[in-house]
Structure formats: C-alpha cells, structure tokens
Protein chains: 2
Amino acid sequence: MNKATIYDVAAVAKVSNATVSRALNNPEKVKPETRDKVLKVAKELGYKANAFAKGLASSKSTQVAVIVSDLARASVAEMVKGIGEVATNYGYSILLFPSASDEKYEELLTNLISYQVDGILYLNDEITDHQYKLIKDLETRYQIPLVLVNTVYESDANLLSVAIDYEKAGYEVTKALVQEGRKHIALLTTQKRYPVSELKEKGYLRAIEYYGLQPEVCYTSGNLDSNQKDLSDFVKSHEIDGVIGVRDSIAISCMNILKNLGRKIPEDVSIFGFQNTRYTLLCRPTLSTINVPIYEIGARAMKVLTAEMMGETQEQKGQILLEHSIIKRETTR
Amino acid sequence: MNKATIYDVAAVAKVSNATVSRALNNPEKVKPETRDKVLKVAKELGYKANAFAKGLASSKSTQVAVIVSDLARASVAEMVKGIGEVATNYGYSILLFPSASDEKYEELLTNLISYQVDGILYLNDEITDHQYKLIKDLETRYQIPLVLVNTVYESDANLLSVAIDYEKAGYEVTKALVQEGRKHIALLTTQKRYPVSELKEKGYLRAIEYYGLQPEVCYTSGNLDSNQKDLSDFVKSHEIDGVIGVRDSIAISCMNILKNLGRKIPEDVSIFGFQNTRYTLLCRPTLSTINVPIYEIGARAMKVLTAEMMGETQEQKGQILLEHSIIKRETTR
DNA sequence: CTGAAAGCGCTTACAG
DNA sequence: CTGAAAGCGCTTACAG
C-alpha cells in the first residue's frame, strides 16, 4: 500500500493541494468548512506528511542534533532524556550523534549539514579548540543555533550554555568540610581535563587558600579498576580527613578503600561526591553529595535552543546557571 | 553564505548534475578523470548533499528510529550506545524517540512515517498488544524492518529480536544458589510485568520446582524509596538464605536491608543481581550477578537491522540469543 | 560514459 | 479564501 500524498487528499476533498497544505499547517488561512473537509479526508486516507518534501520545500527540518560523548554515563543519559521530552513537546525530533574523534569530526559535521538540522545541542564534556572552531563555523556560516549542555567553553563567553556554577559548588563543598572541622581535604579528580572538573578544582583551590589549608589533589582515571590503585596509593601516602570526589563513583571507590584500611566514615574521614546519582543511595554509608539538576539542565537547554530556533533572541546571552544544592547524608557529620 | 548544490558543482566542473550525482554515489559508473575532477570541485566548494532532496528523490532516509522507554536506565543507555556506534559505521543516523503512552503512540508512529525511517529498533522493555499491532502494521504496510532489542514479544515468534535467554539465566542462577546449599531462595522482581522479568521468573520457578523447593517471590517497584518498605517487609516475614534480584540495584537494596538486620553476607544469605552494572563493583560486598552483554545486544540488533534494510533475509528468523555468564563475587560463597 | 528531463511531495509568493 | 505554478535539490530511467 502506498502512502497518500497531499494530491490524493486534494483530489478527494475537491480542492487544490495548496489548500490542503494550508489547512494542515495554517488552518486560520482557510475557511472553516473547507478546513474541516480537508482534515476529515486527510484522516480517512491516513495521510502523513512526508518530512523530506516538507524539509526540502521549507528548509526547516524540525530535527535537532544532539552530540554526545559517552551515552553510557548516567548523567549524559539523564540529560538526553530531559532533552528528548522537551523536544517531543515542541514538535522536534532528535538526531543522536555519538561524537567522534577529531579526525572523524568533519564527517559528523557533514551529517549535520546534510540533515539540515534546525539546531545543535552539544553535550560533550570536553570541547577542544579544533572542535570549537568547526562547530562555531557551522553556527556562523549556516546560522544553526548551538547550545552547550553541562559544559562550558571559557574562551567564548557568548556561546549559549546551560550548566550549574561548578566553581561555586566546588568552593561550597570544600567550605562545608572546613566547617565540619576538617583540615586535610583532598580532591579526587579525573586525569582527563574536562572543563567542568577544572571548574570544580578551581573552586576547591579557592576555598583551600581562603581557609589557609594545604591543597591535595589526586588525579585518577574514570575507570573503576585503575582507580583502585591510584586512589589506594594516594590515600596511603596522604594523611587526610576529608574527601571530595568529582563524581559520585570516584568518591565511593575511595570510601571503599578507606574502609578497608580501617578508617571510620564519617568519624575519621568525611566524604562528598558530585552529582547525586543513584549510587549515592545504594552505597553504605549513603553518600553526601552535590545535587546537580541533570535532567533540568537537559530540558532547559532544549528550551533555550527552541527559543533560538524560533528566532527569539535570548534575554540572557552566554551562560545560564541552574541552582545546585548540598545534600548531606551519612558520609559527613 | 549559501550551501553549494549539485548544480554549482556541475557548473564549475563543466559536467551535468547527473554526472555529479553519479560521481558521488556510484563512482564506478563514471570515467576516472571526470570523477576526480568532480570530487575535487565538490571538495573545493564544500559541497554537502542535502539529505532531504536525496531522501525525497530516492525514498531512502539512512535514518533508523530508536524507540526507548526510559533512557535514564543504565542498561538502556548502554544499548543505545552500542546501536549508535554500529549505525555510524554503516552510515545510518539515529532518530531517538522517547516512547509514549498508548494514547500518544499514534503520534509517534506518524513521525516514523513522516521521516521515512529505513528501519526501527524497539527497546521498550514492554510491548503491549496495542503497540504491537500498530508497529507490526507499520512493518507490513510500509515495509519498514523492525527489530526488538532486549525484549521479546512471545505471541509472534517470527518477530526479529536480540536478547539473551533470560529463562535459562533465571534457571541457572537459581541452580547456582541451590548448589551452594541454599534452601529458601527468593526472587525479587518488579511489579510492572516486563517480558524479560517474566522470563527470569519462569526460569526461577522451573529450577525451584525441579529441586523441590518452595518459591518465594517479592514484587517491588523499581523505585529506590518504595523498595525499602516492600523489601523490608518481605525480608522480615520470610526466612530466606538466598536472594535473586532481577536488577542489580534491587539486589543491592535488599542486601543493605539484610545487613541492617544483622544477617551476614554471604554466610547467612547469598545474593545474586542481574545485569552486571557498575553498581556491582561499587557496593560492599561486591555483588555476584549475571553478566548480560548489553552493549553487544544493541550492536548486534543494529547489525541485524542493517541486513534487513539491505534486503538480506536473515539466516535466522525470530529470536537471536546472545551468551550470558554467571559472575561470582563476594555476595555468594 | 554522459546529458536532458521527469519526478519525488511538499511550500509559498502571486493573482484573482 | 483559493488555485495555478514555480521551486526546493536530488535521483534515475531513457537516449545517445
């Protein structure tokens, strides 16, 4: 069975195809009786607009590209979920692109252009200068709006982005430990230099300096296995009483090691994670953490992008920062 | 700056647009010198094919729809990652659809047809009869290949699907507990009747019966908070020495409750999860579980779909079952 | 091996 | 409020 086209509907409804198009897309431009007739016929025939013909004729795709690094990471998936639900509400579909290495990046961009996406959401934690140039080029040459999601690119303050104030969060969580009386507070961060991790570190360092303490930073991989050794070496060679992990999972890995060494949590050492994933509730003791409104970051980013695509200029150019909060559970006192 | 079209390339290369099209898509049909010239010009002008025009003219979209229920679930995200990477390799883009309630389902399908997707991957854990009818209709009426990913629809054995043998896995994990000497083995499953959970339960019941034991099934929600009460009530009212959770997170929740009640793991109670998520490594004791090759399930499903889209009929119609394995860690002896 | 031409299914000024 | 017609940027038989 072949799909009904706009002409089929026009023929049965005894109007021109132009009228069918109007009745479907700009109903107010059509006399009510005509409109009702057209709509009825369209329904009877099971008419579904061909998105390609529509896109070709109107040069609107109603598709947005979502570029992700590692979808398997809990926070990334949650953000995409937020994006997806808002997109559906606004009538946009989402084209998912696993982000590629620098070499394959051009190919990705070719795809974006081929599909004539109406907008781009960029979730990669890290954005290299090379990638920035390419993607910025897209924005300026083809006028495709772009919003960074939960990441920032500091060299261009005008780039739209949605995140939380990670520097401030890093400062606050360190301060919270200081106020518990902790003197030797370590930051566990990733070897790979994600912009958001760097901001957390900046806030940590600012607080450490402010309170006259000694900074202790451990760089570990995100990998659960190699973490073990890095963290274990670090913990044995440093006398610490407070720990901040840039991810919940890193904080928990460290907690497990500390417990093995006989340290009591939180009596001997207080621990904070970052993100408030489900891990925090499943581990024992339950993990204190910074609540990052991940879903909302995704949803908000999609809303901002929608506004941009509609040609509404933002009141607020540049970074949009959502609220975070400190959640105290059993790993702090 | 406007995009270069195939005509721009043709004009500069001094050939017809048909030749440009051929040089790009069927290079073997074009004389090498002509081809090289065209390719060179295309590159110079930064020509990118317009996917809409292409799709309209050829009625191929090179897009596949991926329908997901809850992307925030670790296993779902991991599968989509597998799908995405294979899709990229084969030159397909993925259109992500958060699956909707039965009422909004028609809308979703309208979108699928509008975008003329070349294939559909269905990741929803549950597929209702109503949804099955609609989606099957799509396959027969519009000839859009469909593959179920990590789910099954038992009423139609011919439907292509990729999963593991959950019934067998349920049987084996129960048997493993029996062989440890456990006599009172409980299954913790979800209230919502996912097909895969039902298969696990079936396998569990078969083993329980085979070994002449008494079945004990607890139905709980997937929600971490309400789990607490359900599991706690269950554990207090049943004398158990073995536990199987249909998800790692449920198994861990139960373990935490048992530990609170003073039961020793694994001395008093052995525990198995299902899936082998990262949770299993972060909790203490580390969780024994069934390893489900989630990423591979996604990747394989995309490969099967590709074959279908190419018109290659499968050697193997119906269900494709990947290998699973039992991983023993610290929660079993 | 290459070109002229029709067609894919829409949208949208332009008339009326 | 409605229709005729051109155009969006490709592909693909059909000739040659």
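Every chain is numbered from 1 and lettered A, B, ... according to where its sequence line falls, protein lines coming before strand lines. Everything numeric in this text was worked out from a predicted model, so none of it was measured.
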- Query: Counting only Watson-Crick or G-U wobble pairs whose two distances fall under 3.5 Å, which nucleotide matches C/dA13?
  - Reply: none
- Query: Under 3.5 Å, is there a donor-acceptor pair between the side chain of B/R35 and the main chain of B/P27?
  - Reply: yes
- Task: Give a yes or no on this: more than 12 heavy atoms of other residues, nucleotides or ligands lie within 6.0 Å of atom CD of A/E154.
- Result: no
- Query: A/F97 vs A/Y115 aromatic rings, parallel, tilted or perpendicular, using cut-offs 30° and 60°?
  - Reply: tilted
- To the nearest Å, give me how far apart CG (A/L24) and C1' (D/dC1) are. 17 Å
- Note on the structure: Contact string for nucleotides 8-16 of chain D, one letter per nucleotide 5' to 3', B = base within protein heavy-atom range under 4.0 Å, S = sugar-phosphate only, - = neither, reads BBBBBB---
- Any-strand Watson-Crick or G-U partner of C/dA4, both distances under 3.5 Å: none
- Task: Compare all side-chain heavy atoms of B/L109 with those of B/Y142 and state whether any distance is below 4.5 angstrom.
- Result: no
- Message: Under 4.0 Å, counting only non-hydrogen atoms across every strand here, what does A/T34 touch: a base, just sugar-phosphate, or nothing?
- Response: sugar-phosphate
- Take atom CD of B/E33 and atom C1' of C/dT2, then tell me their distance rounded to the nearest Å. 13 Å
- Task: Whole angstrom is fine here: how far is it from CD in A/E28 over to P in D/dC1?
- Result: 9 Å
- Note on the structure: Between A/L96 and B/L96, the two heavy atoms sitting closest are CD2-CD2, 4.4 Å
- Would you indicate whether the side-chain heavy atoms of A/V66 and A/V149 approach each other to under 4.5 Å? no
